[in-house]
*Asks:* 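Have a look at this one before I ask anything.
All chains are named by letter (A, B, ...) in the order of the sequence lines, taking the proteins before the strands, and each is independently numbered beginning at 1.
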There are 2 protein chains.
Amino acid sequence: MSQRKAPSEAGRATIRDVAEHAGVSVASVSRVLSGNYPVSDELRRRVMKVVRDLDYVTNAHARSLAGGGTPTVAILINNITGAAFAHVAKGVEGAATLRGWLSLVGTTGDDPERELALVNLMRQQGVAAVVLLGGAYDYDEYQLRMARFARSLDAAGSHLVLVGRPPLEGDVPATTVDYDNEGGAYAMASHLLSAGHRRVLVLPGPAGLTTAQGRLRGARRAFEAYGIPFDPGMIRHGPYDDTHGYTAVEAALRETPDFTAVLAGTDVVAAGAMQALRAAGRRVPEDVSIVGYDDIPLASQLTPQLTTVHVPYEEMGRVALRAVADRREGGTGRRKGADGEHLVLGTHVVVRNSVRPPAPRG
Amino acid sequence: MSQRKAPSEAGRATIRDVAEHAGVSVASVSRVLSGNYPVSDELRRRVMKVVRDLDYVTNAHARSLAGGGTPTVAILINNITGAAFAHVAKGVEGAATLRGWLSLVGTTGDDPERELALVNLMRQQGVAAVVLLGGAYDYDEYQLRMARFARSLDAAGSHLVLVGRPPLEGDVPATTVDYDNEGGAYAMASHLLSAGHRRVLVLPGPAGLTTAQGRLRGARRAFEAYGIPFDPGMIRHGPYDDTHGYTAVEAALRETPDFTAVLAGTDVVAAGAMQALRAAGRRVPEDVSIVGYDDIPLASQLTPQLTTVHVPYEEMGRVALRAVADRREGGTGRRKGADGEHLVLGTHVVVRNSVRPPAPRG
DNA sequence: TTGAAAGCGATACCAC
DNA sequence: GTGGTATCGCTTTCAA
């Protein structure tokens, strides 16, 4: 009914409400609130009192339209329940918070359409960066798709960051934060080999997924380095989940039962493998050794505790955020850092109790 | 240099750029894009072509300022790496996506100040609802604090949802989505009791945390129902993590070693307990039975697979979102549903392999 | 069916 | 030091 709606009756109080109640101009209120401008103590007190009374907070949308606004990072993941991704997200979130940035999380459920929709949604939100998490299938189409994302975002003043995914070829405005995936697998396989294992069941993960490919390559290189033949028949691809670990081991037990160790693509796969071995009456690690990859908390919760490859997920998240923050802050004129920046973090083997030398063959 | 900046040179293209390139008015572009208004096919085609050429997406901030905009839910959690919370988040996210809503995730790190800051931040963002996840310490202060949050958000046209936390007393505009925490504990403890266990080590969780209190109450009630004395000396409080499970069992092994079962506050605590038992040479479940609570994936990855209480985390997330969506959509005049709504979902015991009748006493 | 113009809430530039 | 006010990009009456 009233000409100018009272703050209490119609949603949120605005800066105008505050100005009127305090008997000052909106400009003054804005100055007090942003704090980056000299104002008299008297004015500040008056304004702040009203702000408290009205429980006023500024409208982030209006602010961001007018120029200010909190920088926001968007994290896009396939599945929020994956432990590894949660750690990356934690790293991003933590580093973002430290800088007063906001972070958004979206899940794609492995659906390319949804991924596209989300990237656009984030573009609409005007996010400072979009972080895409997790392995991918590196077809030509992937490169094309990502290049398009990168350019779209770049044109909108945003930036694409790929974490744990293959870097983009050519001159594409995207940052990649990666870990030494193949090196980790090489070290892990070497660990098995040096313990004396020769017949090892390899469960790299989904065929075609870049992380799985890298892990497989690392393992193969280790075998070569040891001069040991690498039997392709001992490789079983499948999803990164415990069910696959279980069924793959079951099958292997039937078809190639002479393996003395399992090189699992992830800790979760290793957990499934361990279950299957036990179900078949094989002891771990006395009869069969198992190693994982990722070093999520699960690894040390299993019995025996799992020897695995530590991937610095949280650190990667932090690094990713730092990369976009730097580029944004250093960017008064030309952007800081080259486009197509590719950062690689190290991995290392964490030795626990799931590996023993193979039992002497009967 | 140009009067009106070209889209390609200065950040994001605007609706004006589209209008000019298409030779139509901004109003028309807006209509084509929102689709909720009749436009000629010719106009639609012209506009859409330019939209594609320019790779235009609307500015979400501007849109939301002007009235439209995507409803957004904010999820606030203590620690993003907690598996249980991840599932709630997944439920919320999934349901949000289904309705075209956006979801934000923020982490508080158990810091009340940060929690406050985040609630305000979300208020600034004009979110449709703020979902607070996880147990809490229900002091008077908690009630006051949450009531304040609830009213602040309500006044701003938003809404507070508490998930897995105690409901608010009095006439406070907040929705609570909860599960039958005490009932689950009662059932779980009964399961142990009916298997013949009498001396059970209880690890409820952090003293004072509402979830821990509820689980302890449930256990106690079960003992009473069985007419079995409940020894307070068998209760050991501590954090919901595997380290606590480990150290608590170690201590119990020294001080009250006659227990035949462990009733852990969460699956993760159970995992730690299991480790400690094994390290001390006790077999699970032959010598000691263990049960958990939550039924996160870990429960079925342990050996033996853990008997535990299933908590419908993902479902709770879905329900929480549905509650706020309903209230918002049903709200042309009066709000739908009473304030202080309290939804409670059921829990149930999932029997796996970690419980055996106690060994005959020597 | 389409266009012009008045806001939405906050910022920042320009006067005083 | 403080107050007007144009402006950000979009939606939505109101006219035509």
*Asks:* List the residues meeting salt bridge (charged side-chain N to carboxylate O under 4.0 Å, His left out) with A/Arg63, not counting sequence neighbours, and say none if there are none.
*Replies:* none
*Asks:* Do B/Ser28 and B/Val39 come close enough that some side-chain heavy atom pair is under 4.5 Å?
*Replies:* no
*Asks:* What's the CG-P distance between B/Asp17 and D/dG9, to the nearest Å?
*Replies:* 8 Å
*Asks:* Would you indicate whether B/Asn36, at its atom CG, is surrounded by more than 12 heavy atoms from other residues, nucleotides or ligands within a distance under 6.0 Å?
*Replies:* yes
*Asks:* Rounding to an integer number of Å, can you tell me how far A/Leu65 CG sits from D/dT7 P?
*Replies:* 14 Å
*Asks:* If every non-hydrogen atom of B/Val324 is compared with every non-hydrogen atom of B/Ala129, which pair is closest and at what distance?
*Replies:* CG1-CB, 3.7 Å
*Asks:* Please give, in whole Å, the distance from D/dG4 C1' to A/Glu20 CD?
*Replies:* 15 Å
*Asks:* Mind checking whether A/Lys90 and A/Glu93 have side chains closer than 4.5 Å, heavy atoms only?
*Replies:* no
*Asks:* Expressed as a whole number of angstroms, how long is the span from A/Gln125:CD to D/dG9:C1'?
*Replies:* 14 Å
*Asks:* State which of D/dG3, C/dT1, C/dG3 makes the closest approach to the side chain of A/Val24.
*Replies:* D/dG3
*Asks:* One character per nucleotide, please: for nucleotides 10-16 of chain C, 5' to 3', B when the base has a protein heavy atom closer than 4.0 Å, S when only the sugar-phosphate does, - otherwise.
*Replies:* BSBB---
*Asks:* For residues 67-78 of chain B, please give each side-chain donor-acceptor pair under 3.5 Å, one per line with the distance, not counting sequence neighbours.
*Replies:*
unit_1	atom_1	unit_2	atom_2	d
B/Thr72	OG1	B/Thr70	O	3.3
B/Asn78	OD1	B/Thr108	OG1	2.8
B/Asn78	ND2	B/Asp110	OD1	3.4

